[in-house]
Amino acid sequence: MTHQIRPLDDQDEPALLRDQFRQLLRYRALLAGGVALGLLGGGFLALSGDDTYTATGEVQVRSATADPFATGASADKGINIGSERQTAVSDTVGELAAGTLLKKDDDVTARKLLAGLQVTNPPNTLTLRFSYTGATPEQARSRAEALANGYLAHRKARTEESIDNMANGYRAQLEPLEEKRDLLEDRTGVDAADDVSSARANIIVSISELSRKISELKALDTTPGYLNKKPVAPTEPAGAGLPLLLGLGAVVGLALGLLLSWVRLVFDPAVRSPRELVRSLGAPLLGTLPRERAAAGTLLAIGRSGSRLAEEYRAVAFRLAYDPSFAERRRLLVTAPRGDNTAAAAAAVNLAAAFAEMGRDVLLVEADLRTPSLARDLGPAAHEVRPPRWAAEEGDRTWPAGGRSNVDVPGSGAFALVTGTTADNVPRALTSASVGRIVAEADRPGAVVIVLAPPVLSYADAVALVDRVEGVMIVCDPREVHRSDLERIREIIGASGGSVVGALLHPGRGRLRRPERRPKSGRRRTGGGPGGPADAADAADAPEITGNPDETMGLRSVTLPGARR
């Protein structure tokens, strides 16, 4: 029974968020740079700025009243606290405060004085909070107190002026009434008519009412308010300190780093996750090679004890063995997208060794006729043997019939290797009848043929072999391969009649390369020609991968077809 690969759920938002977060963490340099820039900015602001000090005083505003203890008296009668706040920051208050400060040898203009003032009103109160920021603690205290007192003085003067204006208005009404009263009093002795007495009584009543109002105005309590909290000299500078600024700078820098990483991620053409690789290539992820430093001069990881890299190659080989598309034909073309083909060569050799461990009759064909290197990289492990019978009968000594070797895998057996050689006409050599006979050996019971081809997007060599080797495995570095490259590979191979069986991820080699060291005279090896130990030392550093081998997508599991032996 064939089990289909579970399709990727594009609506799985938690998984998508995790993927995006992991992708952002790939750009650690941008994140670290943003945090460092934020810390530098916070430290610069903390150390370069002048220390400032803030003193605060609170004024409770009240209105003029005749009897503040009377029942029903309201302290907020006629007070608009918003207007009072605007009055507190007016030029008039500033000029009064500047005049007071000038007497204390603090010569400051009203405009400059008001620049450091901030007046706020706590909710649901009749309190004005005067906060002044100055260069020194004493300056902040004295100026805050002068401004609060200036506001109170201005409000008191304004209240008294209103009272005087109202009293003068009442007096203006009172004078003609008094004159008329005096006139009626002079006529009282001459004519004692009732109308004269009545008019005189009415005038006296009006005069009494106006006099009462004038007396009430003069009796008003004109206290404008109280300075509930007197400003005191602050003991510490105002504003955020060095630790707080550094913390804020780190947070802002991290946000900047995340933004830069996101922008970099949006415009990054490389594959950003295994999910995206599977979607672009249209094939499953066979495995992720772990990071491991191989022994000097060793291309084969199979046969090395305790090697995580060997175990991952074995896992990939078992996945391929149970894949129905591979088990039917047992042919595999191993190639890379473009650039260096070293990782693809290592994958082809180790997969051949893994199939040999499984008891298969394995033939590895090096179809890289432009830069053949397997014989040199394998070194003493490869032993030349006689060519096949059909090649000997026909006297064909050209590639691929001319050179064949057996490669010994320590503790695992051996597999056959058809080494590549440089050719004048590579397309003709790859499409020759001899290549068809070599690939047809996979039709034998229990046989497996693995073909190593140059990068598929660099040369057309791999495409020329797809009609004979239908199954293609792509070996690539996820940090270097582009999504467009994978989509193009899928289209090219599909149009050529083949199919991509999966992808194998390997790490980049740039960070693992070390400058060549000259061997010491006492340990210098001598090698006779290509393929000797001296040449094999060039493969000292094998690909190293960051990643867990468990983080792979298995192929479709099927019932293992009976292999004829």
Side-chain angles (χ1 to χ4, degrees), residues 54-104 108-134 140-174 209-234 238:
T54 301
T56 303
E58 293 183 356
V59 173
Q60 181 181 356
V61 184
R62 68 184 297 271
S63 59
T65 180
D67 185 3
F69 304 104
T71 303
S74 178
D76 59 350
K77 181 180 178 181
I79 296 178
N80 188 331
I81 196 64
S83 300
E84 295 299 329
R85 182 175 173 272
Q86 296 298 322
T87 302
V89 294
S90 63
D91 293 340
T92 304
V93 174
E95 291 174 359
L96 291 175
T100 303
L101 292 172
L102 183 59
K103 298 176 183 179
K104 300 179 181 180
V108 60
T109 62
R111 185 175 297 275
K112 184 177 180 181
L113 184 63
L114 293 174
L117 175 65
Q118 183 180 10
V119 180
T120 58
N121 169 234
N124 302 323
T125 65
L126 293 176
T127 301
L128 293 180
R129 184 172 295 160
F130 288 75
S131 300
Y132 189 85
T133 302
R141 184 204 64 80
S142 61
R143 292 186 177 182
E145 185 176 2
L147 286 166
N149 290 330
Y151 165 73
L152 292 176
H154 172 65
R155 194 166 189 278
K156 182 178 179 64
R158 187 175 60 182
T159 303
E160 292 178 349
E161 183 180 358
S162 299
I163 292 175
D164 291 340
N165 290 336
M166 293 182 66
N168 292 333
Y170 289 146
R171 290 191 185 96
Q173 298 178 31
L174 186 59
E209 182 68 20
L210 290 175
S211 299
R212 183 185 62 80
K213 290 182 179 179
I214 294 174
S215 299
E216 288 180 353
L217 287 175
K218 290 182 178 181
L220 286 176
D221 181 7
T222 59
T223 303
Y226 304 101
L227 186 60
N228 290 340
K229 181 181 178 181
K230 191 175 182 180
V232 295

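Just so you know, these numbers use all the heavy atoms, side chains as well, and skip hydrogens, waters and symmetry mates.
Side-chain polar atoms of E58 and N228 form no donor-acceptor pair below 3.5 angstrom. Side-chain atoms of T54 and T133 form a donor-acceptor pair, as typed in the model, at a separation below 3.5 Å.
Separating the OG1 atom in T87 from the CG atom in N80 is a distance of 9.0 Å, to the nearest 0.5 Å. Note: I214 CD1 to E209 CD = 11.0 Å, rounded to the nearest 0.5 Å. Of the inter-residue distances, the one linking N149 atom CG with K156 atom NZ reads 13.0 Å to the nearest 0.5 angstrom. To the nearest 0.5 angstrom, D91 atom CG is 10.5 Å from T109 atom OG1. Considering CG of L210 and OH of Y170, their distance stands at 8.0 Å, rounded to 0.5 Å.
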### Task
Start with the C-alpha distance between T125 and Q60, add both sets of side-chain angles, then the distance that settles side chain to side chain contact (heavy atoms under 4.5 Å, CB included), and finish with yes or no.
CA-CA 8 Å; T125 65; Q60 181 181 356; over 6 Å; no
### Task
Just do the side chain to side chain contact (heavy atoms under 4.5 Å, CB included) check on F130 and V59 with the steps written out, would you?
CA-CA 8 Å; F130 288 75; V59 173; 3.9 Å; yes
### Query
Does the pair E145 and T100 meet the rule for a side chain to side chain contact (heavy atoms under 4.5 Å, CB included), with working shown?
CA-CA 10 Å; E145 185 176 2; T100 303; over 6 Å; no
### Task
Show your reasoning for whether side chain to side chain contact (heavy atoms under 4.5 Å, CB included) applies to L147 and L113.
CA-CA 9 Å; L147 286 166; L113 184 63; 3.7 Å; yes
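With a 4.5 Å cut-off on side-chain heavy atoms, I81 and L128 count as touching. Put simply, the side chain of S211 reaches to within 4.5 Å of the side chain of L174, judged on heavy atoms. Counting heavy atoms from C-beta outward, R129 and N121 have side chains that stay 4.5 Å or more apart. When side chains are defined from C-beta on, T127 does not count as touching K229, because their heavy atoms never get closer than 4.5 Å.
In this structure, Y132 has no ring pair (Phe, Tyr, Trp, His ring centres under 6.0 Å) partners at least two apart in sequence or on a different chain.
Between the side chain of R62 and the main chain of Y226, no donor-acceptor pair closer than 3.5 Å is present. Of the possible donor and acceptor atoms, none in the side chain of S90 sits under 3.5 Å from a partner among the backbone N and O of Q86. Panel note: side chain R141, backbone P231; no donor-acceptor pair is recorded below 3.5 Å. The backbone N or O of V119 lies less than 3.5 Å from a partner atom in the side chain of R85, making a donor-acceptor pair.
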Can you give the donor-acceptor pairs under 3.5 Å from side chains of residues 161-169 to other protein atoms, not counting sequence neighbours?
from, atom 1, to, atom 2, distance (Å)
S162, OG, R158, O, 3.0
N165, ND2, E161, O, 3.1
N168, OD1, R171, NH1, 3.1
N168, ND2, D164, O, 3.1

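Heavy-atom minimum distance, Y151 versus V93: N-CG1, 3.7 Å. Closest approach of A148 to L227, counting heavy atoms only: CB-CD1, 3.9 Å. The shortest heavy-atom contact between S63 and I79 is N-CD1, 3.6 Å. Contact between A110 and E95 at its shortest, heavy atoms only, is CB-N, 3.8 Å.
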